[in-house]
Structures are given as C-alpha cells and as structure tokens.
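Notes to accompany the following structure.
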Amino acid sequence: MTTALSLSDDQATAYDHVTEMLRSAGIDLDDALLSPPKGSATAVMAITGKAGSGKTLLLAELYKALENAGLEVVSGDYESRKRKDKRTLAILAPTNKAASVLRFRGVPATTIHRILYTPVYDPEYERIAEWLAGNGERPEIEGLTDTALDRAFAFYQGNKSIPGALAAAGLRGSDFITGWKRREEPLDIGFVDEASMLDDKQFEDLKEIFPTLLLFGDPAQLAPVNQSGTMVFEKMPQSRVMHLNRIHRQEADNPILDLAHALADPQVDFYRFEKMVEEAAGRDERVVWGQRVEVDLMARSPVLVWRNATRIRLINAFRTVYGAPEDALLEGEPLICDGLELPLKHRNKRLDLEARGLIKGAQVIYLGEGRKPGFSRLHVMGAEDPQVSAASIVKIEKPDEEEPFIPFAARMGATFLHGAAVTIHKAQGSQWDTVQVFAPDLYAAARMGRMEAGQPLWKRLAYVAITRAQDRLIWVVRNRLSKPSGGLRVDDLRSVPAAPLTLAPEPED
C-alpha cells in the first residue's frame, strides 16, 4: 500500500481497517476499482485521537484515494442528475467553521445540514451548473456575457464551488436557488469530522443517509450537551474504533499541542499547568502570558470562557470600549446564531436559513440593517456562500439582568446572541488563528473540583479551549480589557453582495 509511506504505524493500521470496510462496500482502494454496494446494512467505524495525532491527515489521504478510485464528491451546493453507476462521498462537519478548516486544507467539506437538504436550482442556471460540472455544453444565458461565464469557469477550476462560481459571474444565491428540499435518496460513503460533537439524533439521521459511515473524533473534548457525558463513538464496539496515539513529527515542536497533552498527566494540577503556560510563553512567541484581554481580536476571534456571567461581562465591556449604542448594533459586531424562531408553516424558510449556514452556534459578523425592518445583512464565518440578509432577533444580555435587551427584532427569524465572547462548549468544532482563553474561569472550575467522564472538568475545558488555536494562544490571567486600536471593520468581508432571504407567504397546512 503506497499511501502508508506517508503515514505513521497507527495511521497505516487504521487506513488498512478502513480499506477493508470499504472493500465490503464494493470499493477497492488498492486497485482503484468500484463495484455496486454488496448489502443494505450500515457499516460504521470511528477513528479517534487527540489533537495532533493525525486524524485530519488520515481523512485527507482517504479522500484522495476515494477520489482517485472514481467516487464523486457531494459537496452540498449542487448535485448533477444521478447516474445509476455513480458512487459518492460526502465529507461533513457539524459547523461551518469546522468545515472551513477542512476546506482550507484542500478537503471539500460541507456541513451536516447542507447534506440533509438539497438545493433546487432554477432550470436556466442549472445549465451553467451542468456545464461547470463537465456534464453539458457551454450555455448561452440571456443577461450573462461571455466574460461573466469565463469568470465563473475560472473560479470553478480553482474552488469547485457552483455557488461561488455563479457569484463570480455576478449572480446572487436567490437568482439560482429557488428553494430547498429534504434529501430523498441515500448517499454512499460519509466521513464526519469533529464527531465528538454529534448527538444521538444526528448520528441516527446520518446512518439513514449513509450505508458506510466513518467518524473522526477527539475523545478528550467535551461531550455534547444532554449526552450524559458520552460521545457516539464511545458507545460503539471496540473492534470498530481505531485510536491514534502518535503525535506527528511536524507537530512535535508545537507548544500549544504540548500544553494540551500535558493535561493528561494526573500529576499536573491547575497551578502546575499555569506554570507550564508561563514557561512556554517565555520561550515561544506562539504562547502569550496575557495580562489583559486584547479587544481588537474579539470581533473575529471570541474570548473563550467557562462561566456565563464572565461571557456577559466581557461582551458588555467590548461594546462599551467601541462606543456601541444600547439600541443598535455597530457594523462589524460579532454575533452567534442561537437558533431559529419560525412556526411550522415556514419550514421551507427554516431549511433555507440552515442550508445557508444559519444553524445554532454559527459565528456571523453584522454588516448593517437590511432593507426591511428587523432584517440584518450578515456574513456567516466559514460558510461557502457567506453573505445573507435575514430576519433577525438580536439579544444583548446584561450583567445581573434576567431578560436580555433586544435592540431590534423581526417578528420571526434567526435569533442571535453577541459573539465577542463564547463559552468553551460552544467553541467546539471551531478554530481561529489566535485564541484568547480567560484563565480565571478555568481556575474557578478547578476550585470547584467537578469531574466529567473521569477527568477534572477544568482539564477538559482547558484542552478544548487551547486546541481551538491554530497559530497562537493567549492565556489571559487578569480581568482587564485593552483599548481598541481603531474602529470595527467590515470592508474585508464585502467581496460579494448579500443574498436576500425573505419570508415569502407559504400555504397553510
């Protein structure tokens, strides 16, 4: 097996086990041969390991091998008309940010929501999509010049995104996507990254869609809320779970990963761990012993906290230093989607919002008021088609007040909390270049002595928080906030127009 040359021993062993599972599904990676599926039973396997153990590298290698064998990648943005002999692969993540991390590494990932529902394209623009996908002749579309089609073609060659290519031609999402529908037919092979975030219902939904399912997860992270402290792969038979232990050579000099793995030592208490952070900061600029929260970072990279009260205090401090009025949002303020408040008769609009990335936990940047009262123009961080205009209910929480202040609200739509600070639980699945961790909160968790799944809670919190950092970790030790170096900005996000999402009247049931 030639691929094993680039893999560690435990990765190669896991690769071999996956290869055997795929062979049972009619996919021979050794000879790049495909045959029809051999049965209807669902086969599930999990590959687990801590940060730096090479899960993403292994996922990428398996993706390349399956693509080389002839599987068609289903990305969630457009699917060509099905052929009976086609075998498919979908690579999924629970959040937009997690999917964007994989896409940045060359893996065409999308969100679970984007696979559960498929877009319905306008027939005229579907001709462009078929041409871009290599299944049709170059179309002639009224209102689109040859130059616009050339731009779409050039974009697609580099990014393989139909919506992105159509946007490059000057079209908006509402021009070519007329609606969304629940996926009617099952797919084939599914890879799920950040599987520690899956709850039981999502897991069951995925098993209905994918006869062959491969999960990638970190057992040291926090279990989903309401999951009794367990992750879905912890309930699987041991023979179906492959664990990666080795930390790869290219990650060996990463001080952030060193700190994350030091938490596994039972002898390391909170005081010893903070000493290790301080020592790491003294020898490597990728770790910072922070005397204050850097407010400039909070608009795009939230401060990670444990306690809700800390989150609310930091958010209000952030808004105060930027001079945000109490009854309005400033352009550039960060928000976190807290769910959708829509009645059942608007279920199609719910699908539309979720498919465009406005799912619970999504990180967005406020770009300004929409054309209608209560609407907001938003940039969904990590989404493939990031800019939308949606009916919004924005809640600004205040210290020591039970009810949040709502500066403006639509009658129904997507609900948002402020996103300058988030809890570590909500940060799971996301990564940022620089992450600020509010250490006094973890100290409070350590003093309480709480345990989760046999580990001190503060260690699980610390592990998740610091592994959100891709390049730099700031360990904030004092309850102080810096002054901003300038105003909030949005100019770097306004590359394409926002696609309007309007609540059109729908028939009563």
Side-chain angles (χ1 to χ4, degrees), residues 96 113-114 117 119-122 125 143 163 166-167 170-181 299 319 324-397 403-419 488-509:
N96 300 299
H113 277 86
R114 199 69 183 247
Y117 305 104
V120 179
Y121 272 62
D122 180 283
Y125 296 118
L166 294 176
L171 297 169
R172 300 185 303 178
S174 57
D175 292 328
F176 52 84
I177 295 178
T178 60
W180 300 83
K181 62 180 181 179
R319 301 198 80 234
E326 197 171 86
D327 60 349
L329 290 176
L330 297 175
E331 292 184 9
E333 287 198 66
L335 302 172
I336 298 289
C337 182
D338 196 42
L340 303 177
E341 292 188 4
L342 292 167
L344 281 176
K345 68 178 182 178
H346 287 298
R347 58 185 175 274
N348 288 341
K349 184 49 54 185
R350 176 180 291 274
L351 301 190
D352 202 353
L353 290 167
E354 290 179 341
R356 292 185 186 276
L358 287 178
I359 56 180
K360 191 175 179 69
Q363 183 187 10
V364 307
I365 305 296
Y366 178 75
L367 300 179
E369 294 181 4
R371 292 182 180 178
K372 297 181 180 181
F375 274 62
S376 302
R377 288 179 291 114
L378 306 165
H379 183 100
V380 184
M381 301 298 286
E384 294 170 272
D385 188 13
Q387 299 204 7
V388 300
S389 177
S392 308
I393 303 165
V394 179
K395 303 175 182 178
I396 305 295
E397 297 153 293
E403 293 298 320
F405 175 74
I406 301 178
F408 64 88
R411 184 168 55 89
M412 61 187 71
T415 64
F416 297 95
L417 301 175
H418 206 278
L488 295 169
R489 56 177 300 203
V490 295
D491 56 297
D492 58 323
L493 302 177
R494 285 181 164 150
S495 57
V496 294
L501 299 175
T502 58
L503 278 173
E506 298 185 18
E508 298 283 350
D509 291 336

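The shown structure was predicted, so the numbers you read here are calculated from the model rather than taken from an experiment.
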If you take all heavy atoms of Ile393 and Gly413, which pair is closest and at what distance?
CD1-N, 4.2 Å
Taking all heavy atoms of Glu333 and all of Arg319, pick out the closest pair and write down the distance.
OE1-NE, 2.9 Å
Tell me, do Val394 and Tyr366 make a side-chain contact under 4.5 Å, heavy atoms counted?
no
Between Leu378 and Ser392, does a side-chain contact (heavy atoms from CB on, under 4.5 Å) hold up when you go through it step by step?
CA-CA 10 Å; Leu378 306 165; Ser392 308; 4.3 Å; yes
What closest approach, in Å, do Gly370 and Ser389 show between heavy atoms, and which atom pair accounts for it?
CA-OG, 4.3 Å
Starting at OG1 of Thr415, measure out to CG of Leu340 and round the result to the nearest 0.5 Å.
7.0 Å
Is the closest side-chain heavy-atom distance between Leu330 and Pro325 below 4.5 Å?
yes
So Lys360 and Asp338, do their side chains get closer than 4.5 Å, heavy atoms only?
yes
Please name the pair of heavy atoms, one in Leu488 and one in Ala299, separated by the smallest distance, quoted to 0.1 Å.
CD2-CB, 3.8 Å
Closest non-hydrogen contact found for His418 with Leu335 is CA-CD2, 4.1 Å
Check: Asn96 and Ile359 side chains under 4.5 Å, non-hydrogen atoms:
yes
Residue pair Ala414 / Leu358: nearest heavy atoms and the distance that separates them
CB-CD1, 4.3 Å
Please determine whether side-chain contact (heavy atoms from CB on, under 4.5 Å) holds for the pair Val364 and Val388, giving the CA-CA distance in whole Å, both sets of side-chain angles, and the decisive distance to 0.1 Å.
CA-CA 10 Å; Val364 307; Val388 300; over 6 Å; no
For Ile336, check side chain to side chain contact (heavy atoms under 4.5 Å, CB included) against everything at least two apart and list the hits.
Gln363, Val422
